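For reference, the structure is listed below as structure tokens.
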Amino acid sequence: MKNFLKNVRNREEDAISISVSVEVEEELLPSAAGAYLDLEKHYKQIMLFYESGIRQLTAKLEILNKEFQLCNDRNPIENVKSRIKTKESILRKMEKQGLPLTFDNMMNYIHDVAGIRVICPFITDVYQIARLLISQPDVELVKSKDYIREPKENGYRSLHLIVMVEVHFSDRKRKVPVEIQLRTIAMNFWASTEHQLRYKKERDFSEEIHRQLKECADIMAQADQRMQKLAENLEVSDAQDLVW
């Protein structure tokens, strides 16, 4: 892998730029057919960069899950899914943010090109897995958004992390930005079904539909809390793990 990737992190309170420099400020959309193959090769190299970050983190999550199972006779992770944003999705997001369509801007300002979703049985599992993951020396927390304690207006709940994970390539060690979403089974049920209702629909939801969706989210949250209490009573889970 050529030396065109170099990581520099710039942290701010509200806005975060994760800077990964490229040799030239190339556009994501080629202006001439002759440039297409070179840009495609460049794009695939950059996607390998993100895919490697996902593989590194999913391996860590698998190890944590197996270790926890051996020590506690249960799994704190129900499921792990990962994805790389499609080129079309990246372009739409950049256009929406008013960013010039260049590789440099994609790597600096689109923080969820690489994404992992971790589904856990209980709320305590969400926070425990997050703490164990970011406590590792080669995983650096850049930003977190706790939508469990402070849900979105529509009722969405999840813990969002942006991390930098170290990956050893053939020429050097690099830090790869990855977005991690951690949520319970109940939170994921609501988010997945709400997404199916909303996905790629041009029309806006009415106030009544918004109200019903929010009501469903609150029902899921109440179920989560009841299951959490049962888990604590049965000593399956510890309320102290709710600390984040």
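Only a predicted model underlies this, so the values are computations on that prediction, with no experimental measurement involved. The chain is numbered in sequence order, starting from 1.
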Side chain proximity check, [X] to [Y], heavy atoms < 4.5 angstrom:
X      : Y      : value
Trp190 : Cys216 : yes
Leu182 : Leu161 : yes
Phe122 : Arg74  : yes
Ile123 : Gln225 : yes
Asn108 : Leu99  : no
Phe68  : Asn75  : no
Ile180 : Leu133 : yes
Val113 : Glu179 : no

Side-chain ion pair, [X] and [Y], N-O less than 4.0 Å:
X      : Y      : result
Asp138 : Lys60  : yes
Lys66  : Glu62  : yes
Glu88  : Arg92  : no
Arg157 : Asp224 : no
Lys175 : Glu140 : yes

Within one Ile-Leu-Val-Met-Phe-Trp-Tyr cluster: [X] and [Y], side-chain cutoff 4.5 Å:
X      : Y      : value
Tyr109 : Val163 : yes
Ile63  : Val178 : no
Tyr50  : Leu91  : yes

Evaluate whether atom [atom1] of [X] has more than 12 neighbouring non-hydrogen atoms of other residues, nucleotides or ligands under 6.0 angstrom away.
X      : atom1 : result
Gln97  : CD    : yes
Lys152 : NZ    : yes
Met227 : CE    : no
Phe189 : CZ    : no
Glu153 : CD    : no

Determine whether Lys87 and Glu40 satisfy the following criterion, salt bridge (Lys or Arg N to Asp or Glu O under 4.0 Å), listing intermediate values before the conclusion. CA-CA 11 Å; Lys87 187 188 299 183; Glu40 277 297 300; 2.5 Å; yes

Using 0.5 Å steps for rounding, measure from the [atom1] atom of [X] to the [atom2] atom of [Y].
X      : Y      : atom1 : atom2 : result
Met220 : Tyr156 : CE    : OH    : 16.0 Å
Leu70  : Asn65  : CG    : CG    : 10.0 Å
Ile84  : Ile54  : CD1   : CD1   : 3.5 Å
Leu213 : Phe205 : CG    : CZ    : 6.0 Å
Met164 : Lys143 : CE    : NZ    : 14.5 Å

Report the C-alpha distance between Thr102 and Met106 in whole Å, list the side-chain angles of each, state the deciding distance to 0.1 Å, and finish with yes or no for side-chain contact (heavy atoms from CB on, under 4.5 Å). CA-CA 6 Å; Thr102 65; Met106 177 189 77; over 6 Å; no

Do Tyr127 and Asp146 have side-chain N/O donor and acceptor atoms under 3.5 Å apart? yes

Could you verify whether a donor N or O on one side chain and an acceptor N or O on the other, from Arg183 and Gln181, lie under 3.5 Å apart? yes

Applying side-chain contact (heavy atoms from CB on, under 4.5 Å), run through Asn154 and Glu194 and close with a yes or a no. CA-CA 10 Å; Asn154 64 351; Glu194 192 268 354; 4.1 Å; yes

Not counting sequence neighbours, which residues clear side chain to side chain contact (heavy atoms under 4.5 Å, CB included) with Arg55? List them please. none

How are the rings of Phe49 and Phe169 set to each other: parallel, tilted or perpendicular (split at 30° and 60°)? parallel

Pick from Asp125, Asn79, Val80: which one makes a side-chain contact (heavy atoms from CB on, under 4.5 Å) with Ile119? Asn79

Could you check Gln228, Gln128, Glu232, Lys229 and say which one makes a side chain to side chain donor-acceptor pair (under 3.5 Å) with Ser237? Gln228

